[in-house]
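To keep things clear, I will list the structure first and then write my remarks on it.
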Amino acid sequence: MGMKGFPKGFFVAAAKAISVFDWLDVDWIFVGAVPVAVLGRVRATTDADFAISTDFSGADDLDARMMAAGFEKIEGPVEIPGKRLILSK
């Protein structure tokens with residue numbers, strides 16, 4: 001495990017993702033266990049979850065940039081009707 005219980009490479013991977021979001025000029029926020037830990041409620045985690053602000057048409061560019069940064073795409077994007085959400089793993 002890395003610094004303060006985070007897996008080795010966690011901060012490197014998070015920084016890569018954030019650099020992609022910055023390059024695409026999208027708003028983003030950490031969600032999930034990371035911000036909860038900052039508030040003092042530590043939960044076991046081995047990943048970083050993000051929510052970003054983009055539209056469905058921007059999902060392909062996001063996927064391409066994330067894969068170019070070394071991330072593996074598992075599935076998605078999937079638009080959730082009526083919720084204005086796009087899920088991609």
> CZ/Phe71 to CG/Asp63 distance, rounded to the nearest 0.5 angstrom?
Replying inline: 12.5 Å

>> Apply side-chain contact (heavy atoms from CB on, under 4.5 Å) to residues Ile52 and Asp27 and explain how you reach the verdict.
In response: CA-CA 6 Å; Ile52 65 165; Asp27 293 328; over 6 Å; no

> According to a 4.5 Å side-chain heavy-atom criterion applied to Ile, Leu, Val, Met, Phe, Trp and Tyr, with indirect links allowed, do Ile29 and Leu62 form part of one hydrophobic cluster?
Replying inline: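 No, it is not one cluster - the side chains of Ile29 and Leu62 are not joined through contacts under 4.5 Å.
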
>> Tell me whether Val31 shares a hydrophobic cluster with Met66, the cluster being built from Ile, Leu, Val, Met, Phe, Trp, Tyr side chains joined at under 4.5 Å.
In response: no

> Angle class for the Trp28/Phe21 ring planes (parallel below 30°, perpendicular above 60°, tilted otherwise)?
Replying inline: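 Because their plane-to-plane angle lies in the 30° to 60° range, the rings of Trp28 and Phe21 count as tilted.
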
> If you look at every heavy atom in Ala14 and Phe30, which pair is closest and at what distance?
Replying inline: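 In this case the closest contact between Ala14 and Phe30 is CB-CZ, 4.3 Å.
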
>> Looking at Ile18, I want to see if its CD1 is surrounded by more than 12 non-hydrogen atoms of other residues, nucleotides or ligands under 6.0 Å.
In response: yes

> Counting only heavy atoms not in Asp22, do more than 12 fall under 6.0 Å of its CG?
Replying inline: yes

